[in-house]
Number of protein chains: 2
Amino acid sequence: MLNTILKAGQILDLFSFDKSEWGVSEIAATLDISKSSVYDLVASLAHIGLLQRTEQGRYRLGWRMLTYSQILLQSTEFRAEARKGMEDVAAELGETVHLAVLDGNMVVYADKLQGHNAVHVAVTNSGVRLPGHGSAVGKVLLSHRPWHEVVSIMEEQGMTAFTANTITSIEAFRDELEQVRKQGYAYDMEETVVDLCCAAAPIFDFAGQVIAAMSVSVPAYRFERQPTLYRNAIMRVCRRVSRNLGYVPAHSNPNVDTKEVLAHESKRT
Amino acid sequence: MLNTILKAGQILDLFSFDKSEWGVSEIAATLDISKSSVYDLVASLAHIGLLQRTEQGRYRLGWRMLTYSQILLQSTEFRAEARKGMEDVAAELGETVHLAVLDGNMVVYADKLQGHNAVHVAVTNSGVRLPGHGSAVGKVLLSHRPWHEVVSIMEEQGMTAFTANTITSIEAFRDELEQVRKQGYAYDMEETVVDLCCAAAPIFDFAGQVIAAMSVSVPAYRFERQPTLYRNAIMRVCRRVSRNLGYVPAHSNPNVDTKEVLAHESKRT
DNA sequence: TGAATTCGTCCGGTTATGTCGAACATTCTT
DNA sequence: AAGAATGTTCGACATAACCGGACGAATTCA
């Protein structure tokens, strides 16, 4: 691990919605690095466009971030497919639809679509990062990771309770994930936000890996009346998206070695 | 300038829409860096989330890019204001509206909105970077930079002709920029794309600095019939956006020292 | 099917270079 | 107008980034 890059990462992580502008001394004090080192770091980061220098010598995130993120989104094949599915769900149910992926320890929202009679979920715009427990998409994504990995993630960042319903014990979470993986969908019964429920399902790629999760968010009073309606809709769409990505759902045994599958695949270029 | 960061920047710049996945050896050969160094670099970049490792040990841009870009966009106050203006223009004229900022030597599109009878300009999505000469927004942004800076930018990247109308001589460009600055708007008469014309105007912040440019893109046959209609609409909206950002257009002399203006401003935190 | 090539990954020595403290320049505060 | 912040520059030292080489695994070719 290169020290310089790690420090650059620490600096970038300081920039948030609440505090989007930092000075050299400020950064140095926060991260306990010498002022001159920070100066070199931010100057270099500004030079490659990840930061930009204001006229007063302070620093903000650079516009090249936008460029990179667009390249990422456009080159991610599944996203175009997923988008179509999201539009179908939004049109059919009229609720808010989310697309999420796993980035290290956190769930990142990759896309969002508001239905015509949707509640506005302010905190879940694209790019927002949330811990994996508690949200329906988080459960789906984590349910397909090895258990020891889930444990270390939970240990590292704890299991904060967002509402009274949030799962906060590791044992309960293990049971929940097992059920989610088995039945192919996850619910969020007001575990993240009160009065808001979600149903989520996984999206598989051609190699049978879970690469994303899609969810529909519905006000609790509406959701509780017919949860299976939302669950079935999201599962149906996710299955179709997965199939369009080359997933073959025939596998009765999901633990098949992916190498064999890959060996039979034609080369992608 | 820190070597490590510069190399990280070179690596990140390799990732494009056409080639969004790179291997270690591939990067090493392209940038003429030793394979082991590249390995350390990409592993570190993946660790801080700017890259992600595929299962085969190749690398793609990381999802944290999306997070950073969202923070950038949401924390850029002017963007919310500009968005309102863009919606007004799109509603009034029904054409495609662009918002652009200057990032080093390049013009970056920060936002885009399609009008109801708009032509589709495929190459100008958010995040796309283009050279400054030739486009209307580029002229507007560059017209408020010191001339020697414009010269060095043009010398560095040349003045490629996109169409027969593109300005390719530095003298003609100086005259054009002078006129643009004086009259407060810029035209693009099929200088970037044939059959497409634009009108652009600057957006000022509270300190009187040009921080962005907004443009409307119209098919040439429609534009040529009444160019002043589009010019006036875009200027009117840009003036309003600037005013909402705290710009005081009263200055009869635009060369007033900004320090005085800043001294009268209350502290922003 | 087996051999050969190419890939990502790992390791340790060398030296380039990132780091730090101190001094300077600049801006904001009192 | 003085003081205390800030961002910036410099030079010397010691760290850690860099490279070449070796390894296993995956892929390609015969």
Side-chain angles (χ1 to χ4, degrees), chain A residues 1-12 14-15 19 21-48 50-60 62 207 209 257-269, chain B residues 1-12 14-15 19 21-48 50-60 206-207 209 257-269:
Chain A
M1 287 305 108
L2 303 186
N3 219 319
T4 314
I5 303 281
L6 297 189
K7 284 186 182 157
Q10 288 183 55
I11 291 178
L12 290 177
L14 291 178
F15 293 84
K19 184 151 181 49
E21 204 173 310
W22 288 77
V24 173
S25 304
E26 218 173 357
I27 297 174
T30 309
L31 297 180
D32 203 37
I33 309 177
S34 80
K35 211 167 49 157
S36 31
S37 290
V38 171
Y39 177 76
D40 282 343
L41 283 165
V42 293
S44 302
L45 285 171
H47 189 258
I48 66 170
L50 295 186
L51 292 180
Q52 56 181 318
R53 219 192 80 115
T54 69
E55 297 199 8
Q56 305 88 25
R58 315 192 76 220
Y59 290 84
R60 315 186 75 254
Q209 295 292 311
D257 196 343
T258 52
K259 288 170 196 164
E260 297 183 17
V261 179
L262 282 163
H264 288 269
E265 277 290 330
S266 57
K267 192 165 155 251
R268 301 175 303 156
T269 322
Chain B
M1 288 305 107
L2 303 187
N3 219 321
T4 314
I5 304 280
L6 296 189
K7 285 185 181 157
Q10 289 182 55
I11 291 178
L12 290 177
L14 290 180
F15 293 83
K19 184 153 181 48
E21 205 172 310
W22 288 76
V24 173
S25 304
E26 217 173 357
I27 296 174
T30 309
L31 298 180
D32 203 35
I33 309 177
S34 81
K35 211 169 50 159
S36 32
S37 292
V38 171
Y39 175 76
D40 282 343
L41 284 164
V42 294
S44 303
L45 285 171
H47 188 258
I48 65 171
L50 296 186
L51 292 181
Q52 58 181 318
R53 219 192 82 114
T54 69
E55 298 197 10
Q56 305 88 23
R58 315 193 74 220
Y59 291 85
R60 316 185 72 252
F206 72 97
Q209 295 292 311
D257 196 343
T258 52
K259 288 171 198 166
E260 296 182 18
V261 179
L262 283 163
H264 288 269
E265 278 290 329
S266 59
K267 192 166 158 252
R268 300 173 302 155
T269 323

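In this text, all values refer to a predicted model and were calculated from it rather than measured experimentally.
Panel note: side chain A:Lys35, backbone A:Ser37; no donor-acceptor pair is recorded below 3.5 Å. Using a distance-only test at 3.5 Å, with no hydrogens or angles considered, a donor-acceptor pair links the side chain of A:Ser44 to the main chain of B:Leu2.
Base contact: A:Ser34 has a heavy atom under 4.0 Å from a base atom.
In terms of position on DNA chain D, the residue among A:Trp22 and A:Asn3 whose nearest nucleotide sits closer to the 5' end is A:Trp22. Mapping A:Asp40 and B:Ile33 onto DNA chain D via the closest heavy atom, the residue that lands nearer the 5' end is A:Asp40.
The two residues A:Val24 and A:Tyr39 come nearest to each other via the heavy atoms CG1-N, 4.0 Å.
For B:Ser37, the listed nucleotide lying nearest its side chain is D:dC18; candidates were D:dC18, D:dA16, C:dC20. Of all nucleotides listed (D:dC18, D:dG7, C:dG8), D:dG7 comes nearest to the side chain of A:Val24. Each of D:dT6, D:dT9, D:dC19 was ranked by its minimum atom distance to the side chain of A:Ser25; first place goes to D:dT6.
Side-chain atoms of B:Ser36 come within donor-acceptor range of the base of D:dG20, with a qualifying N/O pair under 3.5 Å. In this model, no side-chain donor or acceptor of B:Lys35 finds a partner on the base of D:dG20 within 3.5 Å.
Taking atom CG of residue A:Leu2 and atom P of nucleotide D:dA17, one finds them 5 Å apart after rounding to whole Å. Rounded to whole Å, atom P of C:dT19 lies 11 Å from atom CD of A:Gln10. For the pair B:Ile27 CD1 and C:dC7 P, the interatomic distance rounds to 12 Å; values are reported in whole Å. A straight line from CD of B:Gln56 to P of D:dT28 spans 12 Å, rounded to a whole angstrom. What separates CG of B:Leu41 from P of C:dT17 is a distance of 13 Å, to the nearest Å. In this structure, NZ of B:Lys7 is placed 13 Å from C1' of C:dG18, rounded to the nearest angstrom. The OH atom of A:Tyr39 sits 15 Å away from the C1' atom of C:dA23 (whole-angstrom rounding). Atom C1' of nucleotide D:dC18 and atom CG of B:Leu31 are separated by 15 Å, given to the nearest angstrom.
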